[in-house]
Amino acid sequence: MRRIEDLSQHVSQQLEDLVHSCTFFSRTLDESTDISAVAQLNIFIRGIDDNFNVFEGLASLESLHGKTRGLDIFEKVKSCLENLKLDCSKLICVCTDGASSMIDKVNGTIALLEKFLNHPILKYHCIIHQEALCGKTLNMQHVMLPVVKCVNKIRARALNRREFREYCELLDLEYGDLILYCEVR
């Protein structure tokens with residue numbers, strides 16, 4: 001147990017050192033629900049230093065018990081900023097999943113974060129969601145329906161999934177598994 005704690009402390013210290021050496025950094029916020037129906041807030045950080053070295057990592061994983069309002073999420077993000085002792089003037093961008101609790105103009109997490117930082121920040125919607133929304137807008141049903149059927153067939157049975165993973169390993173592909181299709185609004 002001590003070794004695990006030492007490793008954890010070392011990884012945290014490395015992330016803290018990288019963050020303090022960066023010129024600018026951005027945050028990615030994603031809220032999801034785990035198997036026990038507890039909301040989890042994933043806070044990722046990406047930074048760049050003076051030599052254009054880019055790093056990224058998981059800054060924090062926070063449980064949100066009870067409500068998941070913009071204020072609740074903001075409090076967790078603020079405590080993460082304080083725990084890492086970050087210079088908030090270097091925060092230039094936030095990427096979210098587009099949930100209303102994140103992007104509301106008055107009580108959303110980003111609006112509260114801008115008030116707290118006292119400077120505007122760039123706001124982005126997750127790139128994966130952007131692609132899905134683009135596909136919907138372009139009316140690509142003739143492409144999406146067969147792809148969704150194939151993915152669901154592979155994921156539906158354990159044998160199909162194992163064979164697909166082996167096939168991906170055989171081809172030495174970067175990604176070795178499929179994710180389930182999820183409708184994006």
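What you see is a predicted model; the values in this text were computed from it and never measured.
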Determine whether I92 and L81 fall in the same hydrophobic cluster, where Ile, Leu, Val, Met, Phe, Trp and Tyr are linked whenever their side-chain heavy atoms lie under 4.5 Å apart.
no

Let me check something: do I43 and F24 share a hydrophobic cluster, defined by ILVMFWY side-chain heavy atoms less than 4.5 Å apart, either directly or through other members?
no

Rounded to the nearest 0.5 Å, what separates atom CG in L112 from atom CD in E75?
8.5 Å

Measure across H119 and L91 and return the closest heavy-atom pair with its distance rounded to 0.1 Å.
CE1-O, 3.0 Å

Does T23 use its side chain to pair, donor to acceptor, with the backbone of D50 at less than 3.5 Å?
yes

T109 side chain to G70 backbone, donor-acceptor under 3.5 Å:
yes

For I48 and F55, which heavy atoms make the closest approach, and how far apart are they?
N-CE2, 4.3 Å

What is the minimum heavy-atom distance between A39 and E31, and which atoms define it?
CB-OE2, 3.9 Å

Which residues pass the side-chain contact (heavy atoms from CB on, under 4.5 Å) test with L173, sequence neighbours left out?
C168, L171

With salt bridge (charged side-chain N to carboxylate O under 4.0 Å, His left out) as the rule and sequence neighbours excluded, what pairs involving residues 77-89 come up?
E16-K85

From N118 CG over to S89 OG, what is the distance, rounded to the nearest 0.5 angstrom?
11.5 Å

Around R46, counting heavy atoms of other residues, nucleotides and ligands shown, do more than 12 lie under 6.0 Å from its CZ?
no

Is there a path from V77 to L61 through hydrophobic residues (I, L, V, M, F, W, Y) whose side chains come within less than 4.5 Å of each other?
no

Any non-hydrogen side-chain atom of K153 less than 4.5 Å from a side-chain atom of N160?
yes

I need the minimum non-hydrogen distance between I45 and F25, along with the two atoms involved.
CD1-CD1, 3.7 Å

How long is the straight-line distance from OH of Y124 back to OG of S26, given to the nearest 0.5 Å?
9.5 Å

For the atom pair NZ (K105) and CD (E114), what is the distance rounded to the nearest 0.5 Å?
11.5 Å

Members other than L170 in its cluster, when Ile, Leu, Val, Met, Phe, Trp, Tyr link by side-chain heavy atoms under 4.5 Å?
none

Testing the basics here: between A59 and R27, what is the closest heavy-atom pair and its distance to 0.1 Å?
CB-NH2, 3.6 Å

How far apart are the closest heavy atoms of V106 and K115, and which atoms are they?
O-NZ, 3.7 Å

Does K149 have any side-chain contact (heavy atoms from CB on, under 4.5 Å) partners at least two apart in sequence or in another chain, and if so, which?
none

side-chain contact (heavy atoms from CB on, under 4.5 Å), that's the test. Do K123 and I103 meet it? Break it down for me.
CA-CA 9 Å; K123 305 160 215 49; I103 62 171; over 6 Å; no

What pairs with N53 under side-chain contact (heavy atoms from CB on, under 4.5 Å), at least two apart in sequence or on another chain?
D49, N51

Go through the structure and list residues passing side-chain contact (heavy atoms from CB on, under 4.5 Å) with R162, not counting sequence neighbours.
A158, L159

Starting from L29, can I reach V38 by hopping between I/L/V/M/F/W/Y residues whose side chains sit under 4.5 Å apart?
no

Treat each ILVMFWY residue as a node, draw an edge where side-chain heavy atoms are under 4.5 Å apart, and state whether F44 and L113 are in one component.
no

